[in-house]
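In what follows, a single structure is set out as structure tokens and then discussed.
So you know, we letter chains A, B, ... as the sequences are listed, proteins then strands, and number each from 1. Below, all heavy atoms of this structure are taken into account, side chains as well, without hydrogens, waters or symmetry copies.
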2 protein chains.
Amino acid sequence: MTAAEISTESAIFDAALRVFSRKGKDGARMQEIADEAGINKAMLHYYFRNKDSLYEAVFAHVIGRFFSEIDRAMLPGRPFVESMEGMIHVYMDMHAAQPEVARLWVQENLNGAPVARSLIERHRNADHPFGPHRLLARIREAADAGEIRAVDPVHLMMTVLGMTVMTFIATPTLSVFDPSLRIDSAAMIDARKRHIVEVLTHGITI
Amino acid sequence: MTAAEISTESAIFDAALRVFSRKGKDGARMQEIADEAGINKAMLHYYFRNKDSLYEAVFAHVIGRFFSEIDRAMLPGRPFVESMEGMIHVYMDMHAAQPEVARLWVQENLNGAPVARSLIERHRNADHPFGPHRLLARIREAADAGEIRAVDPVHLMMTVLGMTVMTFIATPTLSVFDPSLRIDSAAMIDARKRHIVEVLTHGITI
DNA sequence: GTCTATATCTCGATAGAC
DNA sequence: GTCTATCGAGATATAGAC
């Protein structure tokens, strides 16, 4: 790969991520992606065959990176609550640095999540156990050991997802009620982290 | 209004809600809405001038109904935790009966929430205090009185929104890990309610 | 690898018959 | 009030020069 190819391709990636996360796959316009990438439409089709394959490439790349980060953050051996606190910090920081990823995933789900589901199915059949699977197992283990209250692992996962991801979804509406609610504010992200950890810690411990 | 007008108009409303909630305003196709409503495209433009006004009519109607339901569910005088438990039940039941509303609101937010914001601003200047405003005041009151832990009202609202709404967003992905996670299952909705109430109750009380 | 120009199709919206 | 037919704009995608 030449330097030009790398920078153009990553410019396309970034622009596509932003546009897809705002409008979804069908609502996105190739022209808008080209404009945000600072190139012309023909280049999009040179690097990626068409809109569908561009969408799939962006989604797979961005979600794949997320999953492995979550995997890395899930250190074994530590008490569950402590481990959960660390994961929430990592998770929130990743979303704060690039809120488009959470939004893209939500768009995927609103559309039935065909791409996400096929990605997960493919990973499931791979050699080593998958991030979310390992996390669910860890939650069940902690619940069985009486380390935390007897929660359903999938419900707790959904709860963590809701509390964290919603931060980067709901602000356009909720900032009407509290203008200080800006996701580019480090103080807000910090306050959000503390709230989540506090509520969850007291919420699941016995 | 004749009977034909009423049934056609509500058929359009329902179909538009479904399609907009899946694809967002820009991703939705007038043809798809017409098909789901069992009419042809020309009728859409007969009842609503264009796509934008159809979207705004659907959004305003559906969110307005939601806000007043929330308002009704917020009975004063009762202990906060008890009142919150009731609201979560009402809120979850409404979403379970019509999951498209939560999804439409999320779509709105992904798009910057211009319609939602102008709706709220308009209501704010109306005569009587607004649902969300009253709820925020009620949370602050409970926190100040030491009835619950000292939480930021907006963060608690975001948390409740996340835990409830995420149920109707994330299932396409999460059902890969747990196939019993179906939003049309009364048992699942019930389990979800119990989980939310349990985590939140322990999470905010002292 | 990057651009302009254009082919082809789809979409939103309207005209006009019934 | 409902339909068919169609217009014109805007969309994806490609051809071909540089």
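- In terms of phosphate contacts, A:Asn40 brings no side-chain nitrogen or oxygen within less than 4.0 Å of OP1 or OP2 of C:dT2.
- Computed from coordinates, the A:Tyr46 OH to C:dT4 C1' distance equals 17 Å when rounded to whole Å.
- In this structure, A:Tyr55 atom OH and D:dT12 atom P are separated by 15 Å, rounded to whole Å.
- A salt bridge between B:Arg22 and B:Glu32 is present, with a side-chain N of the basic residue lying under 4.0 Å from a carboxylate O of the acidic one.
- The NZ atom of A:Lys25 sits 12 Å away from the P atom of D:dT12 (whole-angstrom rounding).
- The side chain of A:Thr8 lies closest to C:dT2 when the candidates are D:dC3, C:dC3, C:dT2.
- If you take CG of B:Asn50 and P of C:dA13, they are 5 Å apart, rounded to a whole angstrom.
- Here A:Asp52 pairs with A:Lys25 in a salt bridge; the nearest charged N to carboxylate O distance falls below 4.0 Å.
- Aromatic ring pairs are classed by plane angle as parallel below 30°, tilted from 30° to 60° and perpendicular above 60°; the pair A:His95 and A:Phe66 is tilted.
- Nearest to the side-chain atoms of A:Met30 among the listed nucleotides D:dT2, D:dA13, C:dT2 stands D:dA13.
- In this structure, the nucleotide among C:dC3, C:dG12, D:dT14 sitting nearest to the side chain of B:His45 is C:dG12.
- Closest-nucleotide positions on DNA chain C for A:Tyr47 and A:Lys41 were compared, and the one nearer the 5' end corresponds to A:Tyr47.
- Nucleotide C:dT2 holds its P atom 11 Å from the CD atom of A:Glu9, rounded to whole Å.
- In this structure, the CE atom of B:Met43 is 16 Å from the C1' atom of C:dA15, given to the nearest Å.
- Distances from the side chain of A:Ala42 to the nucleotides C:dC3, C:dG12, D:dT12 place C:dC3 closest.
- Using a 4.0 Å heavy-atom distance criterion, B:Ala28 is classed as a sugar-phosphate-only contact.
- Checked against C:dA13, D:dA11, C:dT2, the side chain of A:Arg29 finds its nearest nucleotide in D:dA11.
- Salt bridge B:Asp152/A:Arg192: absent, no basic N to carboxylate O contact under 4.0 Å.
- Put simply, CG on A:Leu44 is 9 Å from P on D:dT12, counting in whole angstrom units.
- We find that CG of B:Asp26 is positioned 12 Å from P of D:dT12, with the value rounded to whole Å.
- For B:Val106 against B:Val165, the heavy-atom pair with the smallest separation is CG2-CG1, 4.1 Å.
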